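Inspection log for the structure reproduced underneath, given as structure tokens.
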Amino acid sequence: MERVKINRLLESQKPIDKVIVKGWVRTKRDSKEFSFMELNDGSCLKNIQIIADSQLENYSQIGAITTGSAVAVEGRLVESPGKGQKWEIHADKVDVISIAPEDYPLQKKRHSDEFLRTVAHLRPRTNKYGALFRIRSEMAYAIHKFYHSKGFRYLHTPIITGSDCEGAGEMFRVTTLNPTLENPNFSKDFFGCEANLTVSGQLSAEMFALALGDVYTFGPTFRAENSNTSRHVAEFWMVEPEMAFCDLNGNMDHAQELLKYLVTYAVENCSDDIALFTDFVDKELSKLLDTLINEEYARISYNDAVELLLKSGKKFEYKVVKGGDLQSEHERFLAEEYFKKPLFLINYPKEIKAFYMRLNDDGKSVAAVDLLVPRIGELIGGSQREERLDVLQKRLEEVGLSKEQYWWYLDSRRFGSVPHAGFGMGFERLLMLITGITNIRDVVPFPRTPGNIDF
RNA sequence: UCCUCAGUAGCUCAGUCGGCAGAGCAAGUGGCUGUUAACCACUGGGUCCGCGGUUCAAAUCCGUGCUGGGGAGCCA
């Protein structure tokens with residue numbers, strides 16, 4: 001007989017004479033006559049209560065079961081007379097698969113996120129992290145489902161790249177050379193030149209958007225920045241759609257549709273797990289999720305945003321400087337206090353943005369877009385791409401990048417170039433937004449940050 | 001990398017003016033109970049983050065290093 005997962009059993013409409021469940025004991029309460037066990041198998045947030053009668057032949061062995069132990073239970077699914085659960089299992093047989101000794105780190109009480117980070121290998125066994133990682137899995141599926149339904153093609157862009165200056169941040173070197181070499185000769189290296197881990201699949205994705213029409217990537221991304229914040233990790237996942245025949249407005253329409261779809265999907269398909277976060281992690285979360293689903297996201301130009309900040313009368317720690325980057329506090333003010341919902345910030349000065357962003361007619365700004373959301377800040381960064389060969393070449397020169405290295409990228413603007421646009425959405429930041437978790441290290445199974453690669 | 005706060009029992013934390021190391025929970029033992037963050041009693045449990053200094057005496061003051069939180073920059 002096959003084991004049944006607890007999420008299926010709890011959906012049962014009627015008692016079942018014989019079931020087998022296997023899982024880990026969350027807590028146990030003993031008496032002389034019987035023992036109550038809360039069993040969790042990871043299939044859902046809820047446990048199922050097992051009643052083991054003292055008549056069972058191995059009752060003394062059952063007495064030794066501790067929090068964290070693994071058991072297999074065969075028994076009858078019956079309606080529970082007790083409060084707190086509809087169903088329970090009266091065990092006919094309890095097999096102890098393994099006993100967790102007394103130094104099992106997870107107690108049946110709330111632990112701090114900081115402590116659980118030190119036991120990242122065990123934290124998915126807690127309610128909060130179990131719920132989170134189920135949601136993470138569902139969101140990954142929802143991304144593919146969304147794009148498949150819209151006719152986008154899923155593209156696998158290289159993880160090892162040869163371009164060393166994509167401009168998206170410091171890179172991790174990939175080499176087979178002896179690491180103690182002081183002056184590595186990259187012509188002797190595996191690829192015959194310097195190689196790094198990707199910081200973005202965008203440039204590759206553009207090539208495929210200009211062939212397959214609409215494409216997206218969804219995969220790992222690496223940044224070797226010495227960032228120590230609650231919003232940055234060295235290895236993270238990013239969704240990068242790239243759309244041919246699409247301008248900046250189409251890009252924003254798409255981003256809004258994507259985010260609304262994903263939040264709706266989470267609310268509808270992960271309701272029990274989401275409820276844990278709305279009830280215990282962030283009391284304001286329900287309201288925010290409603291806003292994300294129902295409100296039109298604001299759209300405002302960089303210039304208008306700067307004016308708005310200057311006129312706001314708000315005391316900022318850092319001055320608002322026209323032409324400069326907005327500080328975190330400025331972005332938070334816009335998203336959390338002024339608009340109180342996500343906003344697209346567009347048309348940034350070209351000086352503070354990447355070379356591939358399309359130059360606007362004013363010659364000063366580029367068709368860039370950032371989506372700023374409450375609490376997180378930048379969730380999405382993208383642009384309409386510069387499709388005009390001459391303008392793109394001039395921009396490369398301006399920022400001091402070599403045309404030779406980008407020969408294939410420039411080629412795409414020589415042969416059938418079309419307006420196109422895309423963006424990158426941080427998958428972990430999306431999860432933070434949906435769950436209210438405030439530290440990105442807590443939405444990654446085994447997070448990588450400067451000085452930390454345990455597990 | 002910078003600013004800032006913290007590090008005391010397995011976990012969460014208290015520890016006053018520098019003067020014997022504490023609580024709750026967890027764990028162990030026993031009891032009780034259709035229990036459900038169960039309950040009651042008892043017991044065990046400490047490199048007070050490391051190193052150095054001041055002092056008769058340091059968890060406490062000073063220096064330094066490490067680790068972690070929050071904020072900033074970089075960005076997704």
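What's counted below: heavy atoms across the whole structure, side chains too, no hydrogens, waters or symmetry copies. Since this is a predicted model, take the numbers as computed values, not measurements.
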What's A:Ser328 touching, base or sugar-phosphate or nothing? Going by heavy atoms closer than 4.0 Å. sugar-phosphate
Answer with yes or no whether the side chains of A:Glu329 and A:Tyr318 bring together a donor and an acceptor at under 3.5 Å. no
Within residues 329-349 of chain A, find the residues that approach RNA chain B with a heavy atom at under 4.0 Å, and present them sorted by residue number. A:Arg332
Using a distance-only criterion (donor-acceptor N/O pair, under 3.5 Å, no hydrogens), is the base of B:C74 paired with the side chain of A:Ser227? yes
Do we see a donor-acceptor contact under 3.5 Å between the side chains of A:Asp113 and A:Asn439? no
How is A:Phe36 classified with respect to the nucleic acid when contacts are heavy atoms under 4.0 Å: base, sugar-phosphate, or nothing? base
Which is true for A:Pro81 with a 4.0 Å heavy-atom rule: it touches a base, it touches only sugar-phosphate, or it touches nothing? base
For B:C74, which nucleotide in any strand shown is its Watson-Crick or wobble partner with both distances under 3.5 Å? none
Is the distance between the ring centroids of A:His148 and A:Tyr154 under 6.0 Å? no
Can you check whether A:Arg299 reaches A:Tyr297 side chain to side chain, under 4.5 Å on heavy atoms? no
Using whole Å, report how far NE2 of A:His111 lies from C1' of B:A27. 12 Å
Between A:Tyr147 and A:His254, is the ring centre distance below 6.0 Å? yes
Distance, P atom - from B:A37 to B:C32, rounded to whole angstrom: 23 Å
Sidechain-backbone polar pair: A:Asp41 side chain, A:Ile6 backbone, donor-acceptor under 3.5 Å: yes
Taking the side chain as everything from C-beta on, heavy atoms only, tell me whether A:Phe423 gets closer than 4.5 Å to A:Met252. no
Please measure how far the P atom in B:U47 lies from the corresponding atom in B:U54, and state the result in whole Å. 26 Å
Ignoring hydrogens and angles, are the base of B:U1 and the side chain of A:Glu225 linked by a donor-acceptor pair under 3.5 Å? no
What nucleic acid atoms does A:Val239 come within less than 4.0 Å of, heavy atoms only: base, sugar-phosphate, or nothing? nothing
If B:U35 has a Watson-Crick or G-U wobble mate with both distances under 3.5 Å, name it; if not, just say none. none
Could you tell me the separation between the CD1 atom of A:Ile48 and the P atom of B:G34, rounded to a whole number of Å? 21 Å
If you check every side-chain atom of A:Glu102, which of B:G34, B:A27, B:A76 has the closest atom? B:A27
Would you call A:Glu428 and A:Arg136 a salt bridge, using N to O less than 4.0 angstrom? yes
For A:Asp442, is there an ion pair with A:Arg123 - N to carboxylate O distance below 4.0 angstrom? yes
Between A:Gln327 and B:G73, does any side-chain N or O lie under 4.0 Å from OP1 or OP2? yes
Determine the contact category for A:Glu38: base if any of its heavy atoms lies under 4.0 Å from a base atom, sugar-phosphate if only primed atoms, P, OP1 or OP2 are that close, otherwise nothing. base
Check for me whether A:Lys314 meets the cation-pi criterion with A:Phe333, that is, NZ or CZ under 6.0 Å from the six-membered ring centre and within 45 degrees of the ring axis. no
Categorize A:Glu88 for me: base, sugar-phosphate, or nothing, with a 4.0 angstrom heavy-atom threshold over every strand shown. base
Suppose you measure atom C1' in B:A59 against the same atom in B:G15; what distance do you get, rounded to whole Å? 8 Å
Please report, rounded to the nearest Å, how far the P atom of B:C75 is from the CZ atom of A:Phe236. 12 Å
Any carboxylate oxygen within less than 4.0 angstrom of a Lys/Arg side-chain nitrogen, looking at A:Lys46 and A:Asp272? yes
Who does B:A6 pair with, Watson-Crick or G-U, both distances under 3.5 Å? B:U67
Can you tell me if the side-chain N/O atoms of A:Arg29 get under 4.0 Å from OP1 or OP2 in B:A38? yes
For A:Ser112, which contact category applies under a 4.0 Å heavy-atom criterion: base, sugar-phosphate, or nothing? sugar-phosphate
Sugar-phosphate only, base, or nothing, as touched by A:Ile380 at under 4.0 Å among non-hydrogen atoms: sugar-phosphate
From CD1 of A:Ile437 across to P of B:A76 the rounded distance in Å is 22 Å
Provide, to the nearest angstrom, the distance between the CZ atom belonging to A:Phe222 and the C1' atom belonging to B:C75. 16 Å
Hey, what do you get for CD (A:Glu194) to OG1 (A:Thr161), rounding to the nearest 0.5 Å? 9.5 Å
Counting distance only, does the side-chain N/O of A:Ser80 pair as donor-acceptor with the main-chain N or O of A:Gly82 below 3.5 Å? yes
Provide the distance between the two P atoms, one in B:C3 and one in B:A76, to the nearest whole Å. 27 Å
Using a heavy-atom cut-off of 4.0 Å across all strands, would you classify A:Tyr318 as base, sugar-phosphate, or nothing? sugar-phosphate
Would you find more than 12 non-hydrogen atoms of other residues, nucleotides or ligands less than 6.0 Å from A:Lys108 atom NZ? yes
In whole angstrom, give me the gap between the P atoms of B:C62 and B:U67. 22 Å
Of the nucleotides B:U35, B:A76, B:A38, which one has an atom closest to the side chain of A:Arg223? B:A76
Expressed as a whole number of Å, how far does the P atom of B:G18 sit from that of B:C13? 25 Å
Paired nucleotide for B:G52 [Watson-Crick or G-U wobble; both distances under 3.5 Å]: B:C62
What contact category does A:Asp103 fall into here, base, sugar-phosphate, or nothing, at under 4.0 angstrom with non-hydrogen atoms? nothing
Using atom C1' of each nucleotide, how far apart are B:A9 and B:C49 to the nearest Å? 15 Å
With sugar-phosphate meaning primed atoms plus P, OP1 and OP2, does A:Leu430 contact a base, only sugar-phosphate, or nothing at under 4.0 Å between heavy atoms? nothing
Mind listing the N/O atom pairs, protein and nucleotides 64-70 of chain B, below 3.5 Å?
| residue | atom | partner | partner atom | Å |
| --- | --- | --- | --- | --- |
| B:G69 | OP1 | A:Arg117 | NH1 | 2.3 |
| B:G70 | OP2 | A:Asn439 | ND2 | 3.4 |

Write down the distance between CG (A:Asp325) and P (B:C75), rounded to a whole number of angstrom. 7 Å
Look at the side chain of A:Gln107 and the base of B:G10, then say whether one donor and one acceptor between them are separated by less than 3.5 Å. yes
What contact category does A:Glu317 fall into here, base, sugar-phosphate, or nothing, at under 4.0 angstrom with non-hydrogen atoms? nothing
Could you tell me how far apart A:Glu428 (CD) and B:C75 (C1') are, to the nearest whole angstrom? 13 Å
Counting any heavy atom closer than 4.0 Å, what does A:Thr118 reach on the DNA or RNA strands: base, sugar-phosphate only, or nothing? nothing
So does A:Arg231 reach the base of B:A76 with its side chain, donor to acceptor, closer than 3.5 Å? no
Whole-Å gap separating C1' (B:G10) and CZ (A:Arg110): 18 Å
With both distances under 3.5 Å as the test, what is the Watson-Crick or G-U wobble partner of B:C20? none
How is A:Gly381 classified with respect to the nucleic acid when contacts are heavy atoms under 4.0 Å: base, sugar-phosphate, or nothing? sugar-phosphate
